[in-house]
Student: 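Below: one structure in structure tokens.
Residue numbering restarts at 1 for every chain, and letters A, B, ... go by the order of the sequence lines. Bear in mind that the values here come from a model prediction, so they are computed numbers and not experimental data.
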Amino acid sequence: MPELPEVETIARGLAPLIVGRRFTDLTVLDPRVFPGGQAAFRRDILDREIMRVFRRAKLLMVELADGARVAFHLKMTGRVYVAEPAAAPHKHLRVLLGLDNGRALHFQDMRRFGTCRGFAPGGMENWDFYAGLGPEPLTLSPQDFASALAGRSGRIKALLLDQTVIAGVGNIYADEALFAAGIRPDTRAADIPGPRLEALLAALKDVLCRAIQAGGSTIRDYRTAEGVEGAFQWSFKVYGKSGQPCPACRGPLRSQTVAGRTSTYCPACQH
DNA sequence: GGGATTGTTTAAAT
DNA sequence: GATTTAAACAATCC
């Protein structure tokens with residue numbers, strides 16, 4: 001579930017809790033969280049000052065004093081937060097990163113899809129997933145958006161979800177942006193005229209910004225770094241609302257599988 | 001109990 | 001090569 005607005009919210013909440021601190025030790029309860037292995041992580045990450053916490057695509061990033069980096073991918077149900085020393089470990093806790101103030105960064109993940117990787121300075125560029133990420137939508141120009149989609153015959157929903165085309169968009173915000181722009185999810189990208197593409201990018205930026213302001217969307221598992229639920233789920237217009245009335249025309253919303261994902265749209269308002 | 005759910009990778013088919 | 005579909009991954013909910 002964590003898409004761009006959720007990971008952005010977590011990064012902003014986490015930064016004041018760990019910047020200036022150091023990770024002092026690593027406890028791994030489930031080695032599957034470290035597909036790159038733990039040895040390099042211990043060598044490159046521990047005992048260095050934490051300088052920065054930020055987001056790239058759906059990755060939660062922690063940067064250390066020498067430029068080494070940690071990348072968390074929360075996938076479906078991953079959660080990252082700072083726990084007090086006396087806190088009882090959560091049932092789905094997978095990794096503890098001890099901090100030099102006695103607290104610990106906890107990574108919990110019910111469904112075990114989430115990952116954590118450590119990189120020596122500059123090493124992240126050699127990670128295919130990272131190197132292949134497309135541009136950030138919030139700072140994307142209409143010209144670059146158009147060229148990212150130029151010559152693509154695929155469906156617009158599939159391209160919005162493709163992290164190598166646009167980074168950070170998932171099922172929720174793709175559906176919401178397509179509704180706001182009046183574009184059906186199964187439209188071929190090449191069939192969307194320039195002005196409508198521009199409207200789609202504007203709608204995408206608008207929905208992502210409003211979701212960040214609301215602290216993200218909590219469907220079930222997502223929480224901020226402070227453990228609070230997001231509020232943007234109350235502002236959904238179409239996501240998860242198949243059969244309910246369209247907020248614009250009152251006709252029933254419809255669902256269709258596009259790009260292997262359930263896509264909800266208004267057959268009257270979206271063309 | 002079958003189906004859907006979330007993000008990504010991989011394989012296979014078109 | 002581009003695109004599409006399906007399966008896989010894990011656990012849970014309805």
Student: Between A/Asp186 and A/Arg184, does any side-chain N to carboxylate O distance fall below 4.0 Å?
Tutor: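 Between A/Arg184 and A/Asp186 there is no salt bridge, as every charged N stays at least 4.0 Å from the carboxylate O atoms.
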Student: Please enumerate all residues that pass side-chain contact (heavy atoms from CB on, under 4.5 Å) together with A/Ser255, with sequence neighbours excluded.
Tutor: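 Once residues adjacent in sequence are excluded, the partners of A/Ser255 under the side-chain contact (heavy atoms from CB on, under 4.5 Å) criterion are A/Ser242, A/Thr262, A/Thr264.
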Student: Does this structure show an ion pair linking A/Asp66 with A/Arg48, if we count only N-O contacts that are shorter than 4.0 Å?
Tutor: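 The answer is yes: the pair qualifies as a salt bridge.
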Student: Hey, what do you get for CD1 (A/Ile45) to CZ (A/Phe23), rounding to the nearest 0.5 Å?
Tutor: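 Reported to 0.5 Å precision, the distance equals 8.5 Å.
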Student: For DNA chain B, what string of dots and brackets results from 5' to 3' when Watson-Crick and G-U pairs need both distances under 3.5 Å, crossing pairs get [ ], and pairs with another strand get |?
Tutor: .||||.||||||||
Student: Short question: side chain of A/Glu3, backbone of A/Gly170 - any donor-acceptor pair under 3.5 Å?
Tutor: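 Between the backbone of A/Gly170 and the side chain of A/Glu3 there is a qualifying donor-acceptor contact (under 3.5 Å).
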Student: Under a plain distance cut-off of 3.5 Å, with no hydrogens placed, do A/Thr77 and A/Tyr222 share a side-chain donor-acceptor pair?
Tutor: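 No donor-acceptor contact under 3.5 Å links the two side chains.
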Student: Rounded to whole angstroms, how far apart are CG on A/Leu74 and C1' on B/dT8?
Tutor: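 My rounded result for the distance is 13 Å.
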Student: Just by distance, do the side chain of A/Glu136 and the backbone of A/Ala57 share a donor-acceptor pair under 3.5 Å?
Tutor: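 Flag set: sc A/Glu136 to bb A/Ala57 pair under 3.5 Å.
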Student: Is any side-chain heavy atom of A/Ile212 less than 4.5 Å from a side-chain heavy atom of A/Leu4?
Tutor: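 Of all side-chain heavy-atom pairs linking A/Leu4 with A/Ile212, at least one is under 4.5 Å.
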Student: Would you call the rings of A/Phe129 and A/Trp127 parallel, tilted or perpendicular, where under 30° means parallel and over 60° means perpendicular?
Tutor: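 Rings of A/Phe129 and A/Trp127: tilted, 30 to 60°.
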Student: Rounded to the nearest 0.5 Å, what's the gap from CZ on A/Arg112 to NZ on A/Lys75? Could you check?
Tutor: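 Nearest 0.5 Å value for the CZ-NZ distance: 14.5 Å.
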Student: Check nucleotides 2-4 of chain C against the protein and report each pair of N or O atoms closer than 3.5 Å, with its distance, or say if there are none.
Tutor:
{"unit_1": "C/dT3", "atom_1": "OP1", "unit_2": "A/Arg152", "atom_2": "NE", "d": "3.4"}
{"unit_1": "C/dT3", "atom_1": "OP1", "unit_2": "A/Ser153", "atom_2": "N", "d": "2.7"}
{"unit_1": "C/dT3", "atom_1": "OP1", "unit_2": "A/Ser153", "atom_2": "OG", "d": "3.3"}
{"unit_1": "C/dT3", "atom_1": "OP1", "unit_2": "A/Gly154", "atom_2": "N", "d": "3.3"}
{"unit_1": "C/dT3", "atom_1": "OP2", "unit_2": "A/Arg152", "atom_2": "NE", "d": "2.8"}
{"unit_1": "C/dT3", "atom_1": "OP2", "unit_2": "A/Arg152", "atom_2": "NH2", "d": "2.7"}
{"unit_1": "C/dT4", "atom_1": "OP1", "unit_2": "A/Arg188", "atom_2": "NH1", "d": "2.7"}

Student: Rounded to the nearest Å, what distance is computed from the CD1 atom of residue A/Ile219 to the P atom of nucleotide B/dA4?
Tutor: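 Computing the A/Ile219:CD1 to B/dA4:P distance gives 18 Å.
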Student: Given atom CZ of A/Arg79 and atom P of B/dT6, what is their separation to the nearest angstrom?
Tutor: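 The distance from CZ of A/Arg79 to P of B/dT6 comes to 19 Å, rounded to the nearest Å.
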Student: Between A/Leu133 (CG) and B/dG7 (P), how many Å, whole number?
Tutor: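 The answer, rounded to whole Å, is 15 Å.
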Student: With P as the reference atom in both, quote the distance from C/dG1 to B/dT8 in angstrom, rounded to an integer.
Tutor: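 Here C/dG1 and B/dT8 have their P atoms 24 Å from each other.
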Student: Within less than 4.0 Å of OP1 or OP2 of B/dG7, is there a side-chain N or O belonging to A/Gln163?
Tutor: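 No, A/Gln163 has no side-chain N/O under 4.0 Å of OP1/OP2 on B/dG7.
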Student: With no hydrogens and no angle check, do the side chains of A/Tyr239 and A/Gln233 hold a donor and an acceptor under 3.5 Å apart?
Tutor: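 Distance-only check fails for A/Tyr239 and A/Gln233.
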Student: Between A/Lys237 and A/Glu176, does any NZ, NE, NH1 or NH2 come within less than 4.0 Å of an OD or OE carboxylate oxygen?
Tutor: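 Salt bridge absent between A/Glu176 and A/Lys237.
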Student: Establish, with yes or no, whether the OP1 or OP2 oxygen of B/dT6 is under 4.0 angstrom from a side-chain nitrogen or oxygen of A/Lys58.
Tutor: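 False: A/Lys58 side-chain N/O out of range (4.0 Å or more) of B/dT6 OP1/OP2.
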Student: Between P on B/dT9 and CG on A/Leu161, what's the gap in Å once rounded to a whole number?
Tutor: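 A/Leu161 atom CG is separated from B/dT9 atom P by 13 Å.
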Student: Atom CG in A/Leu253, atom CD in A/Gln270: separation rounded to 0.5 Å?
Tutor: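 If we round to the nearest 0.5 Å, A/Leu253:CG and A/Gln270:CD are 8.0 Å apart.
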Student: Can you check the distance between C/dT3 and B/dT6, where both ends of the measurement are the C1' atom (answer in whole Å)?
Tutor: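 Straight-line distance between the two C1' atoms is 23 Å.
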Student: When you measure from the side-chain N and O atoms of A/His73 to the phosphate of B/dT8, is any distance below 4.0 Å, counting only OP1 and OP2?
Tutor: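 True: A/His73 side-chain N/O within range (under 4.0 Å) of B/dT8 OP1/OP2.
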Student: Roughly how far apart are A/Ile172 CD1 and A/Glu6 CD, rounded to 0.5 Å?
Tutor: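 Result: 5.5 Å between the selected atoms.
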Student: Taking only nitrogen or oxygen atoms into account, show me every contact under 3.5 Å that the protein makes with nucleotides 11-14 of chain C, one pair per line with its distance.
Tutor:
{"unit_1": "C/dA11", "atom_1": "OP1", "unit_2": "A/Arg112", "atom_2": "NE", "d": "2.5"}
{"unit_1": "C/dA11", "atom_1": "OP1", "unit_2": "A/Arg112", "atom_2": "NH2", "d": "3.4"}
{"unit_1": "C/dA11", "atom_1": "N1", "unit_2": "A/Arg111", "atom_2": "NH2", "d": "3.4"}
{"unit_1": "C/dA11", "atom_1": "N3", "unit_2": "A/Arg111", "atom_2": "NE", "d": "3.4"}

Student: What integer distance in Å separates A/Met76:CE from B/dA4:C1'?
Tutor: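 Rounded to the whole Å, the gap is 11 Å.
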Student: Just the rounded figure in Å: distance from C1' of C/dC9 to CG of A/Asp30.
Tutor: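 Going from A/Asp30 (CG) to C/dC9 (C1'), I get 12 Å.
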Student: Are A/Phe179 and A/Tyr265 close enough that their ring centres sit under 6.0 Å apart?
Tutor: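 No - the distance between ring centres of A/Phe179 and A/Tyr265 does not fall below the 6.0 Å cut-off.
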Student: Rounded to whole angstroms, how far apart are CG on A/Asp221 and C1' on B/dG7?
Tutor: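 Distance, rounded to whole Å: 13 Å.
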Student: Could you list, one pair per line, each protein nitrogen or oxygen that sits under 3.5 Å from a nitrogen or oxygen of nucleotides 12-14 of chain B, together with the distance?
Tutor:
none

Student: Do the charged groups of A/Arg94 and A/Asp109 touch, with an N to O distance under 4.0 Å?
Tutor: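 No salt bridge links A/Arg94 with A/Asp109.
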Student: So, does A/Thr224 use its side chain to make a donor-acceptor pair with the main chain of A/Val228 at under 3.5 Å?
Tutor: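 Side chain of A/Thr224 to backbone of A/Val228: a pair is present.
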Student: Going by heavy atoms closer than 4.0 Å, what residues in residues 257-266 of chain A are next to DNA chain B?
Tutor: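 Per residue number, the list reads A/Arg261, A/Thr262.
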